[in-house]
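Scroll down for the structure; my scribbles are underneath it.
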Number of protein chains: 2
Amino acid sequence: MQITLKDIAQQSGYSITTVSRALTGYSDVNAETRQHIQDIATALGYQPNLLARQFRNQRTYTLGLIIPAHDQTFSTGFYSQLMLGIGDAASLEHYDLLISAQAPGEDEMIAYRRIVAGNRVDGMIIARTRRNDERILYLQGRGHPFVVSGRGAPGEPSDYPYIDVDSQMAICTIVQHFVELGHRHIGLILPPEEIAFTGFRHEGYCEGLAAAGIPYRPEYVINGDLWWSGGYECTETLLDDYPMLSAIIACNDLMALGAMNAIQERGLQVGADIAVAGFDDITAAEYAYPPLTTIHQPIYEIGQMLVKLLISIISGATPTETQVLIPSTLMVRASSGIQRI
Amino acid sequence: MQITLKDIAQQSGYSITTVSRALTGYSDVNAETRQHIQDIATALGYQPNLLARQFRNQRTYTLGLIIPAHDQTFSTGFYSQLMLGIGDAASLEHYDLLISAQAPGEDEMIAYRRIVAGNRVDGMIIARTRRNDERILYLQGRGHPFVVSGRGAPGEPSDYPYIDVDSQMAICTIVQHFVELGHRHIGLILPPEEIAFTGFRHEGYCEGLAAAGIPYRPEYVINGDLWWSGGYECTETLLDDYPMLSAIIACNDLMALGAMNAIQERGLQVGADIAVAGFDDITAAEYAYPPLTTIHQPIYEIGQMLVKLLISIISGATPTETQVLIPSTLMVRASSGIQRI
DNA sequence: ATACTAATCCGAAACGTTTTCGGCGTCAAG
DNA sequence: CTTGACGCCGAAAACGTTTCGGATTAGTAT
């Protein structure tokens, strides 16, 4: 069934050693011999048994990625766009991806141990860091190559290779933008507290308010679940309790789109009555109605950078820049509305 | 560095054989011995070398999936939702996913050969079938387990396990729905011709018109690229050339959302002036403004079904239902507008 | 005492590949 | 003629696991 080096060796009359060397391009094999062997190999349709090769070489040319299971968030927005960048870059570098879907928790760590200690991948990519991230501790402890999309929460060490956007400055910029448009009462819909970047975004909000001399009111801040409906529900709560709010910042685009729905369902106009801003700049943001003001993160490019960084670490290089903080840009669109009095 | 059976054997004083049998639950090993060995294994933090195990067993507990590279479509909508279902189901069955991103073409086939003949997976999942799909021919020829999301174009054999929705009937239903609302001039934005289901959707359109006694006008039919901008541009073309059109059916939601943008940019109202319908029922459809009438496909569930079917084939079972045609349901939302005169 | 069974355990082979080390010619330089 | 270098090739070991076919012992029936 399976064609092996042995078959080619028998056909050609050479040894397995020579066949192997001929096919992998060693120099100490006669040109004619090599040609002969290569001809037989293609004639037989030889494909190396990668399992055997990986096992022998202790090298898989595979990168591991554990995605959140049962998480709708995956399919719309940040995660899948990141995966697209990772997939494209990996394929360019001739790496494959090993993926397992696991919800955060004990099973997730089991999967990490299985995949990493089981030698299935050369390196891991971690996304959406959490406070005191157990996954990072494990990989650091084992000395296994990995890169991280995101970094530790404010105050945590983050002494590992990562790529992140400066969300603190980004949110600060949005606040500034809204202040310039005349808003004084700005609501904030944060991600869940266990996510690492939540702290940065919260701080950015405070920083923006402070710079404008607007007092920080904790009751304007609420945690959502990063999903459409979370943004919707948080917005309802905020608007019910604090009708003076004239602007809402959601910490990702999905929640911002949900917020727009809630606003529109009240018969209010997004932009004119209540300004909305998101974070991520997923494709749906641009094509939403009205188009959503948001922070553009180069997610696809981040995915590519992660792969390149990881592969260079795997290859034993010592990249100079292992901790990258990417500047983000504010995309002003119609959901901002216009200048207030 | 790596803990192997050998280490446990030395520690425990038993042979490698016995250690292996103790850990994998064979019956012919003394209960105390097993306990002793297990204790040592956990103390040492033993994790089996999966590469070695897979190599030895010729079984990887991994499913392969090749996703389209450089294809934005992936990150929004059908593909990633399918992957979510596949990932969740695979993880439940203790399978991992091996993923490679390849654009259709020669490199894609190389990747198939590499992964399949290289023994890296137990089975493959093929999505988005094409006319005369080379991938299917290859897997059939090799006798390698695989399942397909979608099936061959009309007239092609499709003699392999697949799961598909009845898109012909679905589009026919939309046409009927629009006819009932009073529309007589209905545009159709098809996917590219090389995609297998394009034929079915086209036929469904014709069927719906015929049933209503409306003549088929080929100039109302145009091919888009499945992406937002494709829907936008196709709609501009259609409306420029045929202002009598009062409804547009796009063959996926992304193009339908693009169509809505084009309509809104002309100052027309989606629903009131021009009705729009899509296909897939991605999350963005429900939350769009106005919400999009579309055909609901249980994409996530299809992903799960694909995995279960594939695993049962791998396990040597002969599933009774290997060719599933799922009924789809029309989701009527505001983009349909109301009854015309 | 012998033969048989059951309970435990182990040696060795095998999966397909890569690589180390060395062998055998041949040829040129000394 | 000797020596060394060089070009080409092969034997064998190794990666860690599973499993086949015994081997050993103790216990039991004959």
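Order of the sequence lines fixes the chain letters, A, B, ..., with proteins taken first and strands second; residue numbering starts at 1 for each chain.
- For A:Glu156 and A:Arg131, the salt-bridge test fails: no basic side-chain N is under 4.0 Å from an acidic carboxylate O.
- Side-chain contact between B:Met305 and B:Leu309 is absent, with no heavy atoms from C-beta onward closer than 4.5 Å.
- One interatomic measurement links the two molecules: CG of B:Leu50 to P of D:dG16, which rounds to 13 Å at whole-angstrom precision.
- Atom CD in B:Gln2 sits roughly 10 Å away from atom C1' in D:dC15 (whole-Å rounding).
- Heavy-atom minimum distance, B:Gln304 versus B:Gly85: CG-O, 3.6 Å.
- For B:Phe55 and A:Phe55, the ring centers are positioned less than 6.0 Å apart.
- A salt bridge is absent between B:Arg113 and B:Glu134; no separation between the charged side-chain nitrogens and carboxylate oxygens falls under 4.0 Å.
- Between the side chain of A:Arg56 and the base of C:dT18, at least one donor-acceptor pair of N or O atoms lies under 3.5 Å.
- Among the protein residues, B:Gln54 comes within range of no part of the nucleic acid, since none of its heavy atoms lies under 4.0 Å from any strand.
- Between B:Tyr46 and D:dG16 there is no side-chain polar atom (N or O) within less than 4.0 angstrom of OP1 or OP2.
- For A:Tyr61, the OH atom is loosely surrounded, since the number of other residues' heavy atoms within 6.0 Å does not exceed 12.
- Partner B:Arg151 forms a salt bridge (charged side-chain N to carboxylate O under 4.0 Å, His left out) with one of B:Asp164, B:Asp159, B:Asp133 and no other, that one being B:Asp164.
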Polar pairs (N or O, both sides) under 3.5 Å between protein and nucleotides 8-12 of chain C?
unit_1 : atom_1 : unit_2  : atom_2 : d
C:dC9  : OP1    : B:Thr33 : OG1    : 2.9
C:dC9  : OP2    : B:Asn30 : N      : 2.9
C:dC9  : OP2    : B:Thr33 : OG1    : 3.2
C:dC9  : N4     : B:Asp28 : OD2    : 2.9
C:dC10 : OP2    : B:Ser15 : N      : 2.9
C:dC10 : OP2    : B:Ser15 : OG     : 3.2
C:dC10 : OP2    : B:Thr18 : OG1    : 2.7
C:dG11 : N7     : B:Thr17 : OG1    : 3.2
C:dG11 : O6     : B:Thr17 : OG1    : 3.1
C:dA12 : N6     : B:Thr17 : OG1    : 3.2

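- When the P atom of C:dT20 is taken as reference, atom CG of A:Asn57 falls 11 Å away, rounded to whole Å.
- What separates CD of B:Gln47 from C1' of D:dG16 is a distance of 14 Å, to the nearest Å.
- The phosphate of D:dT18 has OP1 or OP2 within less than 4.0 Å of a side-chain N or O from B:Ser20.
- Per the geometry, CG belonging to A:Leu51 stands 18 Å off P belonging to D:dC15, to the nearest Å.
- End-to-end axis angle for the helix from C:dA1-D:dT30 to C:dG30-D:dC1, using five pairs per end and rounding to 10°, comes out at 70°.
- One can place NZ of A:Lys6 at 14 Å from P of D:dA12, the figure rounded to the nearest angstrom.
- Remark: B:Glu106 CD is packed, more than 12 non-hydrogen atoms of other residues, nucleotides or ligands lying under 6.0 Å away.
- Rounded to whole Å, atom P of D:dG16 lies 6 Å from atom CZ of A:Phe55.
- Ring centers of B:Tyr138 and B:Tyr112: at least 6.0 Å apart, outside the cut-off.
- Atom OH in B:Tyr26 sits roughly 13 Å away from atom C1' in D:dG21 (whole-Å rounding).
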